[in-house]
Amino acid sequence: MPWDGGDLARGLDALRGEVARLLLPVPLVPGGPGLLLAEALAGEGGAGTGGPDPSYDDSDLAASSEDSEAERTRLIALVELARQGDAEAFGLLYDHYQGSVYRFLFYRTRSSTLAEDLTSETFFRALRSMTGFRWQGKDFGAWLMTIARNLATDHFKAGRTRLELATEDMGKHDDATEGPEDAVLAGLTNEILLRALTELPAEQRDCLVMRFLQGMSIAETAAVLGRSDGAIKQLQLRGVRNLAKLMPEGIRG
């Protein structure tokens, strides 16, 4: 069934939301940098001291979604060190992933306070579970996002969010001049988005057009571009990141 005007509008709204998430300012989570977080928890005996099972070697399944090969290598090495109880390595992982985890949680909760709290809890849980982490061909960041998503789901199921959103944050988000996310979304007009799309590399542009403007699934897009489903997911991620970089200075802050 072909998309109608409403579908196109929803597709543009979805793309706008993805770009806006990358443009939002990211506050530091209360509690300090990741190294202090790791050392504090390790001091409580919560991080585990035995390291991963030496008989279990899954390093050949290590993966990273970073564009740079050097950055992929660095992050994989940090995860391996963190699995062995290296607090400094976990601190560097925190510094790298904290922003994306916070943005994800803010997008899910629409509450900066709740997103900060859940981000902190995400990394505490990750640190406690590091010795049991298994690659399974997955990016470490995806593992963090799974923890974050589960925390957000549990929080909403418990119903604790309703009162929080009804008091402090709802008032803030109702006024587009007060919430930074609303200011970003207001500045991301369809004209700006579509113009920036034309400046992307051809394959990234085609991927975003198919996924967001034409409503095609991952599998359908993969079939058209002759790529695997995983490659399409990475192409979409790179396309959204590059689209965010093409936004005018006033929007990017």
Side-chain angles (χ1 to χ4, degrees), residues 17-18 20-52 63-66 75-76 78-136 138-173 179-181 237:
E18 289 294 313
R21 280 202 300 141
L22 297 179
L23 299 175
L24 287 172
V26 180
L28 289 176
V29 171
L35 178 56
L36 295 181
L37 175 75
E39 289 179 336
L41 189 55
E44 298 172 0
T49 57
S64 172
S65 62
E66 294 298 317
L75 291 172
I76 289 172
L78 287 174
V79 172
E80 291 297 320
L81 288 171
R83 286 208 294 182
Q84 298 169 29
D86 189 315
E88 183 175 0
F90 187 86
L92 292 172
L93 289 171
Y94 171 93
D95 292 339
H96 182 85
Y97 289 106
Q98 180 263 332
S100 58
V101 171
Y102 170 82
R103 289 189 187 97
F104 171 79
L105 287 166
F106 179 84
Y107 188 68
R108 288 290 298 271
T109 66
R110 308 306 295 174
S111 165
S112 58
T113 301
L114 180 55
E116 289 171 3
D117 290 344
L118 293 179
T119 298
S120 290
E121 181 61 23
T122 295
F123 282 95
F124 272 110
R125 292 199 180 187
L127 185 55
R128 291 190 182 102
S129 305
M130 276 307 299
T131 57
F133 170 75
R134 297 292 182 262
W135 284 108
Q136 299 178 338
K138 296 180 180 178
D139 178 270
F140 179 73
W143 182 63
L144 290 174
M145 292 301 181
T146 298
I147 297 174
R149 183 167 56 250
N150 290 340
L151 283 171
T153 299
D154 290 346
H155 190 90
F156 280 109
K157 282 182 178 178
R160 295 193 299 269
T161 304
R162 295 189 181 92
L163 180 59
E164 296 167 4
L165 293 180
T167 54
E168 177 185 359
D169 283 323
M170 284 303 290
K172 177 176 65 176
H173 296 309
E181 69 288 353
L237 178 61

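Atom CD of E121 sits about 14.5 Å away from atom CD of E116, to the nearest 0.5 Å. To the nearest 0.5 Å, the span separating CE on M130 from CH2 on W143 amounts to 5.5 Å. Annotation: the span from R125 atom CZ to T146 atom OG1 amounts to 13.0 Å, rounded to 0.5 Å. Interatomic distance, M145 CE to R149 CZ, rounded to the nearest 0.5 Å: 9.0 Å. Annotation: the span from F133 atom CZ to L127 atom CG amounts to 13.5 Å, rounded to 0.5 Å. Here Y94 contributes atom OH and S120 contributes atom OG; the two are 5.5 Å apart, rounded to the nearest 0.5 Å.
In this structure, Y102 and S112 approach most closely via the heavy-atom pair OH-CB, 3.5 Å. L105 and A148 make their closest contact through CD2-O, 3.5 Å (heavy atoms, listed as atom of the first residue, atom of the second, distance). The shortest heavy-atom contact between L144 and V101 is CB-CG2, 4.2 Å. Residues L151 and L118 approach most closely at CD1-O, 3.8 Å, considering heavy atoms.
Partners of F104 according to the ring pair (Phe, Tyr, Trp, His ring centres under 6.0 Å) rule, which considers only residues two or more places apart in sequence or in another chain, do not exist here. Evaluation of the side chain to side chain contact (heavy atoms under 4.5 Å, CB included) rule for L81 yields D86, A89 as partners, not counting sequence neighbours.
Taking the six-membered ring for Trp and the full ring otherwise, Y97 and F123 have centroids separated by 6.0 Å or more.
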